[in-house]
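The structure presented is a predicted model; accordingly, all values stated were derived computationally and were not measured. Residue numbering restarts at 1 for every chain, and letters A, B, ... go by the order of the sequence lines.
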Protein chains: 2
Amino acid sequence: MPVPARTAALAAIHPIQVVTRRTGLSADVIRVWEKRYGVVTPVRSAGGRRLYSDADIERLRLLAHATLSGGTIGRLAALSPEALAALIAPADASTGAVTGIDAARPAHEAVRRPSPVPGGTAMTAARDHLDTSLAAITRFDGVALDLLLRRAAIALSAEAFLDALVVPLTERIAAHVRDGTLRPAHRHLAHAVLRRVLDHVTTTATPPLPSRDVVVTTPSGQGQELGALLAAAAAAADGWRVTYMGPGLPAEDIVETVERIGARALVLSLGAAPGDRVIPRELRRLRALLPGDVAVLLEGAGAEVHRSVTAEIRAAAPRDLAEMREQLRALADGSDDVPTSDGTAAAAAPGRGRGRR
Amino acid sequence: MPVPARTAALAAIHPIQVVTRRTGLSADVIRVWEKRYGVVTPVRSAGGRRLYSDADIERLRLLAHATLSGGTIGRLAALSPEALAALIAPADASTGAVTGIDAARPAHEAVRRPSPVPGGTAMTAARDHLDTSLAAITRFDGVALDLLLRRAAIALSAEAFLDALVVPLTERIAAHVRDGTLRPAHRHLAHAVLRRVLDHVTTTATPPLPSRDVVVTTPSGQGQELGALLAAAAAAADGWRVTYMGPGLPAEDIVETVERIGARALVLSLGAAPGDRVIPRELRRLRALLPGDVAVLLEGAGAEVHRSVTAEIRAAAPRDLAEMREQLRALADGSDDVPTSDGTAAAAAPGRGRGRR
DNA sequence: GCCGTCTTGTCAAGATATTGTCTAGGACAA
DNA sequence: TTGTCCTAGACAATATCTTGACAAGACGGC
């Protein structure tokens with residue numbers, strides 16, 4: 001195996017506690033795996049303490065994921081990193097993306113993925129994270145929440161993190177604020193942290209190499225950006241190169257962004273704002289200005305509210321993140337059609353070029 | 001290891017207490033780190049007292065943050081600033097990104113980074129960053145901009161990064177959009193990236209230890225959050241523990257946040273919105289609800305616009321970041337003796353040792 | 001189905017290593 | 001004089017290490 005020439009990455013300097021955080025394994029397990037199966041061979045400090053390299057950590061994390069999928073460590077321990085990755089990839093491709101981030105190492109290869117279902121274990125794991133996160137919010141501990149979420153993003157797959165943790169978390173927060181268990185200030189704090197973490201997930205999960213481009217934003221008049229960030233993170237974890245533009249973009253600027261980037265898809269996040277007059281107008285203007293072959297996805301509660309306009313501008317309206325993923329994938333698989341919620345094919349006027357420079 | 005002749009331009013003039021304030025480390029720790037691990041080598045005054053340069057402080061802050069993630073100071077101390085930064089922001093997927101994209105040129109160029117912190121040339125260094133950043137914006141390259149800014153934040157000191165790069169950059173962008181050289185879409189892109197980077201700077205610069213707390217937000221009706229993030233980053237770099245709450249917070253929620261956290265100061269960022277009726281009302285409500293010993297600072301163009309209210313609610317109105325820093329520092333110095341009129345959560349009483357962890 | 005064996009994660013105890021804080025005695029600065 | 005800073009050493013709190021034991025499942029044979 002070729003040795004990467006990155007000094008920082010080579011440095012084997014992480015004490016076991018860091019490995020604990022980044023792999024989700026207990027220190028005991030890490031040690032016993034080393035002793036019984038020789039999964040890694042960390043160097044030792046002068047005082048005899050184990051010092052792990054990023055590569056060690058990466059391998060441990062791969063193993064941890066692989067065992068979650070059912071294999072026994074005794075057998076997996078002998079496998080090469082490639083074999084491990086191959087084993088995990090079919091079950092959970094997003095791992096590759098998120099993994100690449102922290103370990104700064106593995107390639108961004110397998111972006112394809114068949115079965116989206118993370119599995120029952122991931123759900124229960126996510127529930128734990130959910131409870132601890134809520135506890136942190138309750139005691140108004142933003143730092144702890146930040147840490148917990150980042151850790152969860154690593155421990156869980158990107159998909160599980162978003163679907164089984166972030167989404168339920170925001171819903172629970174909203175519910176608690178409604179029934180008075182939490183104050184609005186709690187929600188603000190949580191949202192501030194969530195924005196930060198989601199932004200982080202998005203940028204780190206975004207594949208560096210040229211790939212399918214998608215622009216994510218919120219139309220003019222929409223201030224709520226959590227949904228947009230969620231969509232951005234989901235798209236990024238799914239192998240799209242995301243350009244996130246923040247909330248409240250006028251139609252002209254959206255169009256210009258899409259054209260300059262040459263994006264194939266545009267995801268707009270719409271909060272529920274019944275009776276809103278601005279949004280429908282912006283959406284119509286958007287479709288008029290937008291190249292015909294750019295697919296438009298309306299994410300969030302607002303898509304339901306403005307359903308007639310949604311149909312009118314030939315936009316897809318995924319019900320949730322899972323549906324959005326499917327539609328994005330359909331888009332990526334070469335078909336220019338995005339299935340709309342009611343089944344009609346949306347978008348795609350392949351004849352008209354988009355006139356890129 | 002080349003030993004660069006230290007330019008007198010970057011005066012090493014800070015006594016240890018300033019370092020204490022700006023890093024969140026106790027004087028004991030700073031001294032013992034120097035003695036045991038040689039993390040910095042401050043010059044001495046005629047009387048034998050340590051005098052720290054800004055670069056020293058920056059390094060100490062990086063180290064303090066790096067230890068937070070679990071690394072042991074004994075090993076971290078030997079690391080280069082680049083390696084440290086990579087450790088703190090393991091999310092360096094963007095590095096891989098650009099490396100991969102223009103892989104045409106050898107990676108060495110990126111690794112062999114130049115100029116740590118030249119004193120008098122700090123401004124020229126910042127000018128370079130400014131130009132390259134503007135170029136990235138012009139060609140609509142958000143990924144490159146992100147990378148450039150993060151690098152600059154490491155290469156320059158936090159102060160220089162904010163004052164000599166970010167602030168001028170936003171001004172130049174605004175000017176270019178005005179005169180038509182850049183499109184609004186460019187500005188949106190740049191702001192989206194800037195928000196992300198500033199948020200990152202804020203969190204990484206915020207001292208992990210209990211220290212003086214400040215809450216940064218934007219009052220209800222203010223959507224623009226770049227200024228608030230800028231102020232947050234500046235305060236964090238100055239040793240305050242920042243709780244950033246995002247834009248558009250109603251007075252009640254601001255007050256509740258301040259009280260729950262036990263913050264000593266509140267920074268509100270106000271954009272220029274002449275004729276605004278909501279802001280003055282919110283500000284008055286705020287002062288009425290807020291504990292009397294909480295200092296209020298109004299940052300941004302809006303403070304000028306609402307000058308009468310500013311005076312009425314006994315708020316400071318710094319003209320720029322430098323002035324805000326001064327006022328914050330004065331607050332930090334003076335309040336040692338100021339008794340808390342209200343018995344709420346005595347916060348961090350400085351002076352004696354502060355509890356680690 | 002039942003029972004022994006193997007696998008695997010967790011825990012305990014006793015010893016070291018590492019690190020932050022504190023004390024004491026003295027010097028310097030305003 | 002008073003407050004800040006310096007050095008050196010002592011000390012307490014964590015983190016980690018090693019060895020060994022053990023419980024819960026998984027598995028295979030009867």
**Request:** Scan side-chain atoms only and decide if B:Asp56 and B:Ser53 contain a donor-acceptor pair under the 3.5 Å cut-off.
**Result:**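 On atom types as modelled, these side chains qualify, holding a pair under 3.5 Å.
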**Message:** Considering every strand and a 4.0 Å limit on heavy-atom distances, what is the contact class for A:Ser26: base, sugar-phosphate, or nothing?
**Reply:**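 Sugar-phosphate contact only - A:Ser26 comes under 4.0 Å of backbone atoms but never of a base.
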**Message:** Which residue is it: B:Arg264, B:Arg241, B:Arg260? I am looking for the one with a salt bridge (charged side-chain N to carboxylate O under 4.0 Å, His left out) to B:Asp213.
**Reply:** B:Arg241
At less than 4.0 Å, is any side-chain N or O atom of [X] found next to OP1 or OP2 of [N]? Yes or no.
| X | N | value |
| --- | --- | --- |
| B:Thr72 | D:dA15 | no |
| A:Tyr37 | C:dT7 | no |
| B:Trp33 | C:dT19 | no |

**Asked** Where along nucleotides 1-9 of chain D does protein come under 4.0 Å, by heavy atom, of base (B) or sugar-phosphate alone (S), with - for untouched nucleotides?
**Response** --BBSSB--
Starting at atom [atom1] of [X], determine the distance to atom [atom2] of [N], rounded to an integer number of angstrom.
| X | N | atom1 | atom2 | answer |
| --- | --- | --- | --- | --- |
| B:Ile73 | D:dT16 | CD1 | C1' | 18 Å |
| A:Leu76 | C:dG9 | CG | P | 10 Å |
| A:Leu63 | C:dT8 | CG | C1' | 14 Å |

**Request:** Tell me, with the steps shown, if B:Asp54 and B:Arg22 meet salt bridge (Lys or Arg N to Asp or Glu O under 4.0 Å).
**Result:** CA-CA 10 Å; B:Asp54 285 312; B:Arg22 284 172 56 178; 3.4 Å; yes
**Message:** Rounded at 0.5 Å granularity, tell me how far NZ in B:Lys35 sits from CD1 in B:Ile30.
**Reply:** 15.5 Å
**Message:** Quick check for you: to the nearest 0.5 Å, what is the distance between A:Leu189 atom CG and A:Asp141 atom CG?
**Reply:**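 Separation between the atoms: 8.5 Å.
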**Smallest separation among heavy atoms of A:Val201 and A:Ala233, with atom names** =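 The answer is CG1-CB, 4.1 Å.
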**Item:** Minimum heavy-atom distance B:Val242-B:Ala235, with the two atoms named
**Value:**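 Smallest heavy-atom distance, with atoms named: CG2-CB, 3.9 Å.
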**Terminal axis angle for the helix from C:dG1-D:dC30 to C:dA30-D:dT1, five pairs an end, nearest 10 degrees** =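 The angle separating the two end axes equals 40°.
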**Prompt:** With a 4.0 Å cut-off, would you call A:Arg31 and A:Glu34 a salt bridge?
**Reply:**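 Salt bridge flag = no for A:Glu34 with A:Arg31.
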